[in-house]
Engineer: 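Dropping a structure here in C-alpha cells format, bear with me for questions.
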Amino acid sequence: MSMTPLEEIRHSSSHVLATALLRIYPDVKLDIGPPTDTGFYYDIDLAQTLTLDDLAKIEAEMKKVIDENQPFTRKEVTREEAVQIIKERGQERYKLGRLADIPEGEKISFYQNGEFMDLCAGSHVRYTSKIKAFKLLSIAGAYHRGDEKNKQLQRIYGTAFASKEELTQHLERLDQAKLRDHRKLGRDLKLFVVDDDVGQGLILWTPAGSIIRQELQNFISDELRKQGYQQVFTPHIGKLALYKTSGHFPYYKESQFTPIVENESLNQILKEGCSCAEMTTRLDAVSAHFRDQMNARTGKETITADRVKADDQLLDGFMLKPMNCPHHIKIFASQPHSYRDLPVRLAEFGTVYRWEQSGELNGMTRVRGFTQDDAHLFCTEEQVAAEVLGCLSLVKIVLTTLGMTDYRVRVGLRDPDSNKYTGDSANWDKAEAACRAAAQTLGVAFTEEPGEAAFYGPKIDFVVKDVIGREWQLGTVQVDYNLPVRFDLSYIGADNQSHRPVMIHRAPFGSMERFCGVLIEHFGGDFPVWLSPEQVRLVPISDKVSEYGNNLLGQLKAAGIRATIDEHSDKLGAKIRRSEIDKVPYTLVLGAKEAEALAVSVRSRAKGDEGVLPFASFLERLVSEVKIKHSRLRK
Ligand SMILES: [Zn+2]
Ligand SMILES: [Zn+2]
C-alpha cells in the first residue's frame, strides 16, 4: 500500500502516538492507527478513560519520541513469527485479529521505531523527526471494527501537516467549525431539539427551525411547479408486501425499523406458540405465487425457494417506510398511461425512517427519521437525458440562491468488469451517457467513478463545499431500470404496444434535516433575510415610543415580514446586543426623533449602523430583499 507524503506523515504520527502511549501506559492494548482525510487516529483499549489533560501529557511524550529521531525500519516475517512478536509484546487482544485479516500469501510486515514495533504494511517517513507539525485533538468512543456488539475502545484523534503554518491554519478552521457546529447553533438559536423521550435521531423542529424549513420547502416547491412536477402526499407506513415487491425487505432489514405486526396476527401467532425466530422467517416469507411472478418478471431467480411458505404460514405487517419510491410507484400504476402523459413527475417531502446505530447519530446530519425532498420521474427511454438535466438545473438554482456555489458532482458508473448490475447493457450505456452529458452542462467540476453506480442504474451525487472548505455530500439523482420491472410498470407507446418506463429517483438535497444542518453551518447561523426566523426586531428606546413601535410592528407583519418588538425594560445597549446574539438581520432602534419623522434607525447584521431611514423606504427595500431571496453572506 502506498501513501501520499502527507499520509505518511500522519500515519507515522500514529506510530509515534502508540510509542508514547506504551511508555506512559504499559498495559495499553493497541488496535489500529490509520491516516484519515484530515489527520490520524489510534484505537486503544485502556482501563482508564483518557481526558484532555492526558492528551497534553501524551503529546509531550510524542515530542520526545520525535526528538529522538528514531528511524522507521521494516521487517518481513512469516505468519508464525508475527504471532510470536505480537505475543511477546502482549498485544494479542486485537493485533492477532488484525493479523488474521491479512490474506494468505500476502506479505506480513512489522515496522519498528525505537522500542516500538507494530504490525503494519506501511509506508512511513524515514525518521520520526520528519514529523514537523502535529497535534492531538480529541478522544471519542469507537467500537472495535465499528460494530456495536464489540467492545467500545477509545479513539485518540490527532492531525499532522508538513509545516507549522498549515497546522495552524487547520486548527483555526477547526475552531471556526466548532463555532458553526449546527448542534450548538441549533440549541443557541432554538432551531431544533432532540429529546430522549421521543428518541435519539428523531428531530423535533421548533417554531424557529420550522420557519427555515418551511421557507426552503416553499422555495423548492415553487421551482418544482415551474418544472412540471406534481405534488403528492403518502402515508408514513406501508405493508410489508409492498417492500417485498420493491426488494427493500428483507434485504435491507438491518437498516430499517422492525416491522409492525397487526394485533390480530400477533395474538394469533402467540396462541400458536410461535417463537420469535419463526415469526421473523414468516415475516420474511412470500407465497409461491409471488415468487413465481417476481422471478418471471425479472427473468432470473430474484427470490429464492427458501423464502417461500404456505399461504397460511405467511405473516404480514407494516413497515415504517424506508423509501418513498414504492408509494409513488403505486400512484403512477393506479391509472393507465400513454406515452403522451410522460414524463410523470411526482414530488413529495416524504418522511422516511432508517435504523442507524446509536453511535452514528449526529445532530441533524445523521438521524433515524428524515424528510427527503423526494421525487420520482417516470419517463420513456428517450426522455432520460432531458429529465436528468432538469434535475441538475433545479439543484443549480437552489444552490446558487443559497450562495453555495462551490460544489462538485460525482457521476457513479457501473464497473465494466462486474455482473452485479441489472438491466441490459445498451440501456446502461444510454443512461450513463445521459448522466455524463448532464454533468458536463453544469459547468462545475465532475468526476466519473466506475463501480459507484447503484445496482439498478447510474447516479449523480452532489458534494457541496461550505465557506470554511468542508465538503458535504448532499443528495443524488439515480436512473433506475429495476423497480419498473419489479412493479411491472408500463405505458402504451406511439406504436400502441406496451412499454416499460424508466424511473428517475432524485432527492437533490438528501433530506430537509441534513440540508438544514449543513445550511446552519454554512451560514454560521446568519441566515439570509428570507430564511431568518426573525427578520426584524424593533427596539423602542422608551415607553413613550411604544405606540409608534407597535404601529410599525403591525405594518411589518401586514407586509409579510417576521418581526418582533423588544419592550423589556433593560438598557438600549443590552437590547441591541441581544438582537445580535439572536442573529436578527435588522434591528430598528426607535426614539422620539424617529417617531416624529416616521423613520427608523437601522442596524443591519451585514453592514452595522446604517443610520436613520424613512420607515417606508426601509420596508420597501426589505420586502424586495426577501422577494429576491438575497443570500449575501456576512463578512
Ligand atoms: Zn504503519
Ligand atoms: Zn426513490
Side-chain angles (χ1 to χ4, degrees), residues 1-4 7-19 30-36 40-43 65 70-76 91 95 98-99 102 107-114 116-128 130-131 160 229 232 234 238 242-243 245-248 252 321-332 344-352 354 370-379 387 391 454-457 459-460 475-484 486-487 489 501-511:
M1 191 169 65
S2 77
M3 293 189 188
T4 64
E7 280 172 336
E8 281 184 350
I9 290 174
R10 289 174 174 170
H11 174 62
S12 304
S13 302
S14 70
H15 279 251
V16 169
L17 167 59
T19 313
L30 302 168
D31 188 5
I32 47 164
T36 65
F40 63 91
Y41 66 81
Y42 217 116
D43 281 352
V65 175
Q70 304 169 347
F72 278 94
T73 52
R74 178 186 167 94
K75 179 174 173 185
E76 276 180 27
Q91 292 295 340
K95 292 292 181 187
R98 298 294 173 185
L99 174 65
I102 303 173
K107 283 185 181 144
I108 297 171
S109 60
F110 280 81
Y111 275 84
Q112 181 158 20
N113 62 287
F116 178 59
M117 203 173 187
D118 205 357
L119 175 69
C120 181
S123 46
H124 305 85
V125 295
R126 292 179 52 204
Y127 294 91
T128 54
K130 299 278 178 198
I131 300 167
Y229 283 77
V232 296
T234 65
L242 184 70
Y243 301 103
T245 305
S246 70
H248 291 121
Y252 298 100
K321 68 178 173 188
M323 299 268 209
N324 299 303
C325 347
H327 288 70
H328 292 181
I329 287 172
K330 286 297 184 184
I331 292 176
F332 177 82
V344 169
R345 307 179 186 95
L346 303 179
E348 176 179 19
F349 289 99
T351 306
V352 298
R354 309 258 173 94
F370 53 93
T371 303
Q372 295 180 312
D373 56 323
D374 212 356
H376 293 93
L377 291 73
F378 301 84
C379 63
E387 291 308 307
C391 295
F455 69 90
Y456 49 76
K459 62 172 186 171
I460 298 177
T476 62
V477 177
Q478 304 188 343
V479 182
D480 181 0
Y481 291 93
N482 180 46
L483 285 181
R486 295 187 74 119
F487 280 94
L489 300 182
V502 182
M503 254 179 96
I504 297 173
H505 309 245
R506 38 115 293 182
F509 310 110
S511 74

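All residue numbers refer to positions in the sequence shown, counting from 1. For ligands, and for the atoms within them, numbers begin at 1 and follow the listed sequence.
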Engineer: What N, O or S atom of H505 is found closest to the Zn ion (ligand 2)?
Structural biologist: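 Nearest N/O/S atom: ND1.
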Engineer: What closest approach, in Å, do P326 and Y243 show between heavy atoms, and which atom pair accounts for it?
Structural biologist: CG-CE2, 3.9 Å
Engineer: Please give me the minimum heavy-atom distance between Y42 and G33, naming the atom from each residue.
Structural biologist: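 Scanning both residues, the minimum pair turns out to be CD1-CA, 3.7 Å.
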Engineer: Starting at OH of Y111, measure out to OG of S123 and round the result to the nearest 0.5 Å.
Structural biologist: 6.5 Å
Engineer: Under 30°, 30 to 60°, or over 60°: which ring-plane class applies to F378 and H376, parallel, tilted or perpendicular?
Structural biologist: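 Rings of F378 and H376: tilted, as their planes differ by 30° to 60°.
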Engineer: Do any N or O atoms from the side chain of E348 and from the backbone of T234 form a donor-acceptor pair under 3.5 angstrom?
Structural biologist: yes
Engineer: Return yes if some donor-acceptor pair links the side-chain N/O of T128 with the main-chain N/O of V65 below 3.5 Å, else return no.
Structural biologist: yes
Engineer: Minimum heavy-atom separation for L377 and E387, please, with both atom names.
Structural biologist: CD2-OE1, 3.0 Å
Engineer: At the Zn ion (ligand 2), what is the angle formed between atom SG of C325 and atom NE2 of H376, rounded to the nearest 10°?
Structural biologist: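 The angle at the Zn ion (ligand 2) comes to 100°, rounded to the nearest 10°.
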Engineer: What's the count of protein N, O or S atoms under 2.8 Å from the Zn ion (ligand 1)?
Structural biologist: 4
